[in-house]
Amino acid sequence: MIDLKLLRERPDEVRASQRARGADPAAVDAVLAADERRRIAVGRADTLRSEQRQLGKKIGRASGEERAALLEHGKELAAQVKAAESEQAEADQALVDTHRALPNLIIEGVPAGGEDDYVVLDHVGTPPEFDFEVRDHLDLLERLGALDMERGAKVSGARFYFLTGVGARLQLALLTMAMNRAVAAGFTMVIPPVLVKPEVMEGTGFLGAHASEVYRLRDDDLFLVGTSEVPLAGYHAGEILDLSGGPRRYAGWSTCFRREAGSYGKDTRGIIRVHQFDKIEMFSYCRPEDVQDEHQRLLNWERDMLAAVEVPYRVIDTAAGDLGASAARKYDCEGWVPSQSRYRELTSTSNCTTFQARRLNIRYRDEDGRNRTAATLNGTLATTRWIVAIVENHQRADGSVVVPEALRPLLGLDVLKPA
RNA sequence: GGAGGAUUCGCCUAGUGGCCUAGGGCGCACGCUUGGAAAGCGUGUUGGGUGUUACAGCCCUCGCGGGUUCGAAUCCCGCAUCCUCCGCCA
């Protein structure tokens, strides 16, 4: 949720943000109207309750006829209070509904427009030239005995797979390297629950436009997370943090589940787009004034990881219309995929400013002892999809794959060879 | 899955329909005192809403949601969490 005070004071900025996202600027006015209605309702109910309490005191002391008259008045007042409270409750709900529906205010400089309106900020590395026919990751991994899609489909359906042998070992090495780096940078390692309650899923903003992406267990009223961002954001929900020592940083290791509804026919080969994968996710809680610097730091840690696996990549500043509801700005690092001759998303780091924390009621105490809403950010350090870029970029004519230097000690192999 | 118990301001605790519109202790903060400190004394110390230039004021908050009542921490109903016991179980 956007800060209501900001919304009242600078509605034009929020309307402009809505336009940049391709969303309706009138949503702003709906919130303002609901806010006005609520404040009037609260004022009325407060006044009536105050009268009722005064009267209650009198009745306690009164006796005889006076008491009977007061009791009569008390009944009237009770009815009025009840009516005023129900109006207050309705007005509250109406405000919450319109307020929650409004996506985060974008940061100045974020490109306007949709999916294709991103701005490329940087290119790192050069796509490799091959003097042989390039194999795609599925071909390579199957030859290596690293991936079994057919049995994945047999056991669980389309977009499921088994990582086997060196495939499983490669993923473990990759995620371990990511986690080791995170821990070295001061992150607290976390293995979170991957089933969460509705209020946590809702609080992180995933039940809005992307609700159909989320697996839901109706019998138990739980959701499977699509990223450990969800439990890591919920981790400090309702708390008041001490951020005087700088940002609180967590690195989550978890399996992620996505329904991939509406992506029929896209990326059906291999493990680029799957229902279940593993990920190391950075999550940071910080003061709002530090949030843009922190976003750059998360981006830099992602870039360090990409450098370590020796994959060429570019960095894009995602356009407003392609941001999630919670994000105010998002940078993606896209790795080169030789078989497709294009860049594909490998990391994504979002600055959620205070939007997510306000929904989840995460605060911190500032220097003056005031409780203020914290800011949250998240970013990817490694995922199963990275295996695609690693094996394709490091393949050789015979179908073997050279293991990037940094992964060798963790994997215990220099080259992956077909069986 | 079943039975019982618990949930009050950071911690401990008082509390059985109107002197609780929540008291006390610990801790913490500030002040007085002191050469300095301890002790002592005094003041403050949940979170939120509304309101104000800022205060003040007012309202809500005793795990959560309903109900009874002029009035609920207190009575009634439902739920959650934790603990104990029984059953089942990788």
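Just so it is clear: chains get the letters A, B, ... in the order the sequence lines come, proteins before strands, and each one is counted from 1. Basis for what follows: all heavy atoms, side chains included, without hydrogens, waters or symmetry-related copies. All of these numbers come straight from a predicted model, not from anything done at the bench.
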Subject >> Assigned partner base of G87(B), Watson-Crick or wobble definition, under 3.5 Å >> reply: none
Original post:
Tell me, for nucleotides 47-58 of chain B in 5' to 3' order, what letter each nucleotide earns: B for a base near a protein heavy atom under 4.0 Å, S for only sugar-phosphate near one, - for neither?
Top reply: SSBSS------S
Original post:
Does Leu95(A) offer a backbone N or O that forms a donor-acceptor pair with the side chain of Thr98(A) under 3.5 Å?
Top reply: yes
Subject >> Integer-rounded Å distance: G65(B) P and Glu85(A) CD >> reply: 13 Å
Subject >> Carboxylate-amine/guanidinium contact Glu405(A) Arg408(A), below 4.0 Å >> reply: yes
**OP:** Return the orientation label for the His275(A) and Phe160(A) ring planes: parallel under 30°, perpendicular over 60°, tilted otherwise.
**Re:** tilted
Original post:
Is Ser326(A) reaching over with its side chain to a backbone N or O of Cys352(A), donor-acceptor style, under 3.5 angstrom?
Top reply: no
Original post:
Do the side-chain N or O atoms of Gln52(A) get closer than 4.0 angstrom to the phosphate oxygens (OP1, OP2) of C70(B)?
Top reply: no
Original post:
Do any N or O atoms from the side chain of Glu392(A) and from the backbone of His137(A) form a donor-acceptor pair under 3.5 angstrom?
Top reply: yes
Between protein and nucleic acid, restricted to nucleotides 77-82 of chain B and to nitrogen or oxygen atoms under 3.5 Å apart, what atom pairs and distances do you find?
none

Subject >> Among C59(B), C70(B), U68(B), the nucleotide that comes nearest once only the side chain of Lys82(A) is considered >> reply: U68(B)
Would you be so kind as to tabulate the donor-acceptor pairs closer than 3.5 Å made by side chains of residues 230-237 of chain A, with sequence neighbours excluded?
unit_1	atom_1	unit_2	atom_2	d
His236(A)	ND1	Glu239(A)	OE1	2.7
His236(A)	NE2	Tyr250(A)	OH	2.6

Subject >> Salt-bridge present (Arg39(A), Asp35(A); N to O < 4.0 Å) >> reply: yes
**OP:** Determine, for Arg15(A) against Asp29(A), whether the closest basic-nitrogen to carboxylate-oxygen distance falls under 4.0 angstrom.
**Re:** yes
